[in-house]
Peer 1: 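Please find one structure pasted underneath; my questions will follow.
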There are 2 protein chains.
Amino acid sequence: MKRLTIKDIAEKAGVSITTVSRVLNQKEEGMSQKTREKVLKVMEEVDFQPNQFARGLVTKRSKTFGLIVPNISNPYFPELCRGVEDEANESEYSLIICNSDDQTDKEKRYLRLLEEQQVDGIIFSAKDYLDPSDEEQLSRAKIPFVLIDRGKEEKKHSGVFLDNDKGGYLAGKHLIELGHRNIACIIGPRSIALSNDRLEGFQRALRESGVELLPSHIIEGNFQMEMAYHKSKDLLMKKEVTAIFACNDMMACGVYRMAHELGIRIPTDLSIVGFDDIPLISALIPKLTTIRQDTYQMGREAVKLLIQKLDNIETTSVLFNPTLVVRESSTPPNV
Amino acid sequence: MKRLTIKDIAEKAGVSITTVSRVLNQKEEGMSQKTREKVLKVMEEVDFQPNQFARGLVTKRSKTFGLIVPNISNPYFPELCRGVEDEANESEYSLIICNSDDQTDKEKRYLRLLEEQQVDGIIFSAKDYLDPSDEEQLSRAKIPFVLIDRGKEEKKHSGVFLDNDKGGYLAGKHLIELGHRNIACIIGPRSIALSNDRLEGFQRALRESGVELLPSHIIEGNFQMEMAYHKSKDLLMKKEVTAIFACNDMMACGVYRMAHELGIRIPTDLSIVGFDDIPLISALIPKLTTIRQDTYQMGREAVKLLIQKLDNIETTSVLFNPTLVVRESSTPPNV
DNA sequence: TTGTACGCGTTATCAG
DNA sequence: CTGATAACGCGTACAA
């Protein structure tokens, strides 16, 4: 028993295939109720499903989006995926999720794969910025796309971003207000613009109060726990600072671990502020003060933006605002 | 400038479309080197990409798999996704990832969506077991599928599973060997078979040493941190047990939090053993002893199994072995 | 060794 | 208000 086609439906209903196609696509202006219902009934009965290949062949649309994220193992991204997926599904799109594992060549392979799969659009969270060669590929393939999280500086393309500078500023201000003066910062890779944005906002907050961030107190990480763990060792052993701002929660976790190993108590000896507010940090003891972003909603917004693009509506980037969530890991310094 | 077709390639290369199609599909037995190379060169030059819709229409294959997972926010599943994705891509399949959010109706909707998208196969991690109505839908749609993680008891269908009973046993044995006699267990939902498997293995280990698990010491959770956190309160306050086995790491995190709030020290006052060994638990202090499963590899194996099915090779389920990873959260009880 | 011609299941155009 | 029919781009049986 093979799949039924609109031809079969047409026969069963005693109408032409055109008519069936019409009700399928709700192009029913001025169609008799009776015909319509007859067709609908038959379709219902046999649980008819149109062939997407044939459809795509004609319409050139796959009803599928692609999503490329840099690292699915960072809990930030599953949240983002959920947002994108939910919004896409609600608009009747499927989603192909690709994890580039922070590797540029994988990113390129996936771009290619999505092109081959003829997705209708791509939501792209690049490794760091939108690579010119990627940009060229996307435009050559004429695939509409929106950026998300990474690539804000790309003024030519719209996307959904966080005001990272503001996030950094909030973190800095908070620590300053608590009275900290000797502070360090563990940033993401220098090559990633949002790392620098967070750092700059952070430094601005310190400068406003006449506090300087020593170069030796700026540590470059890779947004992952492991490296932050190792790289924070020196810093913590020297005991020069009373507070650390980790530019994402995963790295804050690494600092927690190292602090614990060195017998440094949080927040008594050391205050820590993270960034992202990923769900899992509720497991940290003490609870982590962090800069929150509404990742799920950003995912949804990206899809809305993409759909606008498909409809040829002029789009502009959306900037989300981070907020400070004060918990237990930040207190005034111990004098 | 529209997309090029094999017809265009054929013209440029001065051959027929059949010839182009042949080199595209590597059906080149007995084709002259020269023709072949000529075609290949043209395809290279224009960066030709065949139209998947037209292909699918003829071959009835989409080169796409679907993956349904119950909860992408549990870090166990991103690992699984990575495995599935990598293996699928290596075999030139794309992957549509669907997150059912532990909701049966979403599960059904996704099954339907994947059917509509005409995926070539589905890797299905059901909410708890393979629902008869899902089973019927899958078989009616004739979509090959393999189960993963959940649904082992389904003898009719093959899949990739963990020996959960053994995992539970390892946890129990470990605690017994450390000298614990008053032990509690936080299990997953009763409706999920693997919850019971883990519990049974665990109980078997205790029984072998004449230790009984009191009904009041069996607490039903939902595999999530939050509920384990709340539900462990009573248990911890009564101070009846010296050790807890949490049936997944997320729930272990919840216990950590509650223990901390109540001033119960781990492992001095309380030993804890988790399950899964998800990456993020390296952030826990002290480090969590847990039952490890090779989630990534399980994902890969599931795809291999699925591809075998597509090739009409007889398949049997694959059972993975969990291992005990002793870290810092389990020590002999304090007497 | 290569080419011709048909069919896959839809949508869109035009005619009735 | 409804129906023929020509695309869409590819794979393949059959022909040369």
Side-chain angles (χ1 to χ4, degrees), chain A residues 1-40 42-43 46-64 92 115-118 120 141-142, chain B residues 1-43 46-64 92 115-120 141-142:
Chain A
M1 184 193 98
K2 43 200 296 266
R3 262 180 110 103
L4 294 168
T5 72
I6 55 171
K7 202 169 157 189
D8 301 316
I9 305 296
E11 267 173 27
K12 281 191 208 283
V15 297
S16 75
I17 56 172
T18 312
T19 306
V20 177
S21 175
R22 280 198 185 105
V23 352
L24 208 53
N25 297 287
Q26 354 238 271
K27 304 221 163 130
E28 310 163 300
E29 341 149 356
M31 175 191 280
S32 88
Q33 271 296 324
K34 256 174 59 188
T35 325
R36 208 181 77 92
E37 276 166 13
K38 203 164 48 182
V39 175
L40 242 27
V42 176
M43 295 208 297
V46 303
D47 188 28
F48 172 70
Q49 293 192 340
N51 183 319
Q52 299 298 333
F53 297 129
R55 269 191 157 170
L57 191 56
V58 177
T59 62
K60 291 166 177 11
R61 317 235 265 100
S62 59
K63 282 303 207 176
T64 302
E92 314 219 48
E115 185 185 348
E116 281 172 1
Q117 287 288 324
Q118 286 163 261
D120 294 340
K142 291 201 209 303
Chain B
M1 184 192 97
K2 44 201 295 268
R3 263 181 109 106
L4 294 168
T5 73
I6 55 170
K7 200 169 155 189
D8 301 316
I9 306 296
E11 267 173 28
K12 281 190 208 285
V15 297
S16 76
I17 58 169
T18 313
T19 306
V20 177
S21 174
R22 280 195 186 110
V23 353
L24 206 55
N25 297 287
Q26 350 238 273
K27 304 224 162 131
E28 311 164 299
E29 344 148 353
M31 175 190 285
S32 88
Q33 269 296 323
K34 256 174 60 187
T35 325
R36 207 180 79 92
E37 276 166 12
K38 204 164 48 182
V39 174
L40 241 29
K41 186 152 155 280
V42 176
M43 295 207 299
V46 303
D47 188 27
F48 173 69
Q49 292 192 342
N51 183 318
Q52 299 297 333
F53 298 128
R55 267 193 157 171
L57 193 54
V58 177
T59 62
K60 292 171 177 5
R61 317 237 263 100
S62 59
K63 281 306 208 176
T64 303
E92 314 218 50
E115 185 186 348
E116 281 172 1
Q117 286 288 323
Q118 286 163 261
V119 296
D120 295 341
K142 291 202 208 304

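Proteins get letters first, then strands, A, B, ... in listed order; numbering begins at 1 in each.
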Peer 1: For C/dT11, does OP1 or OP2 lie under 4.0 Å from any side-chain N or O of A/N25?
Peer 2: yes
Peer 1: What is the separation between atom CD on B/E11 and atom P on D/dC10, rounded to the nearest whole Å?
Peer 2: 13 Å
Peer 1: Only counting residues at least two apart or in another chain, list the ones meeting salt bridge (Lys or Arg N to Asp or Glu O under 4.0 Å) with A/E116.
Peer 2: A/R112
Peer 1: Between C1' on C/dT10 and CD on B/E116, what's the gap in Å once rounded to a whole number?
Peer 2: 15 Å
Peer 1: Please report the C-alpha distance between B/E37 and B/K41 in whole Å, then the side-chain angles of each, then the deciding distance to 0.1 Å, and finally whether the side chain to side chain contact (heavy atoms under 4.5 Å, CB included) criterion is met.
Peer 2: CA-CA 6 Å; B/E37 276 166 12; B/K41 186 152 155 280; over 6 Å; no
Peer 1: Give the rounded distance in Å between these two atoms: CG of A/N51 and P of C/dT11.
Peer 2: 10 Å
Peer 1: At 10 degrees resolution, what angle do the end axes of the helix from C/dT1-D/dA16 to C/dG16-D/dC1 form when each is taken over five base pairs?
Peer 2: 40°
Peer 1: Is there a side-chain polar atom (N or O) of A/S21 under 4.0 Å from OP1 or OP2 of C/dT11?
Peer 2: yes
Peer 1: Once you round to the nearest 0.5 Å, how far does CG of B/D8 lie from CD1 of B/I17?
Peer 2: 11.0 Å
Peer 1: Can a side chain N or O of A/R55 be found less than 4.0 Å away from OP1 or OP2 on C/dG9?
Peer 2: no
Peer 1: With sequence neighbours left out, write down each residue that passes side chain to side chain donor-acceptor pair (under 3.5 Å) with A/Q52, or none if nothing qualifies.
Peer 2: none
Peer 1: Expressed as a whole number of angstroms, how long is the span from B/R61:CZ to C/dC8:C1'?
Peer 2: 16 Å
Peer 1: Could you check how far CG of A/L57 sits from C1' of C/dT11, rounded to whole Å?
Peer 2: 10 Å
Peer 1: May I have all residue pairs that pass salt bridge (charged side-chain N to carboxylate O under 4.0 Å, His left out) and include part of residues 10-20 of chain B, sequence neighbours excluded?
Peer 2: none
Peer 1: Rounded to the nearest Å, what distance is computed from the CD1 atom of residue A/I6 to the C1' atom of nucleotide D/dG3?
Peer 2: 12 Å
Peer 1: Which protein N or O atoms sit under 3.5 Å from an N or O of nucleotides 3-7 of chain C?
Peer 2:
unit_1, atom_1, unit_2, atom_2, d
C/dG3, OP2, B/S16, N, 2.9
C/dG3, OP2, B/S16, OG, 3.1
C/dG3, OP2, B/T19, OG1, 2.8
C/dG3, O6, B/R22, NH2, 2.8
C/dT4, O4, B/T18, OG1, 2.6

Peer 1: Could you list the residues that satisfy side chain to side chain donor-acceptor pair (under 3.5 Å) with B/N51, not counting sequence neighbours?
Peer 2: none
Peer 1: Between C1' on C/dC8 and CD on B/Q118, what's the gap in Å once rounded to a whole number?
Peer 2: 12 Å
Peer 1: For A/T18, check side chain to side chain donor-acceptor pair (under 3.5 Å) against everything at least two apart and list the hits.
Peer 2: none
Peer 1: With sequence neighbours excluded, what pairs up with A/E115 under the side chain to side chain donor-acceptor pair (under 3.5 Å) test?
Peer 2: A/Q137
Peer 1: By side chain to side chain contact (heavy atoms under 4.5 Å, CB included), which residues pair with B/E92, not counting sequence neighbours?
Peer 2: none
Peer 1: Between C/dT10, C/dT1, C/dC8, which one does the side chain of A/P50 approach most closely?
Peer 2: C/dT10
Peer 1: If I take atom CD in residue A/E37 and atom P in nucleotide D/dT2, what distance separates them, rounded to the nearest angstrom?
Peer 2: 12 Å
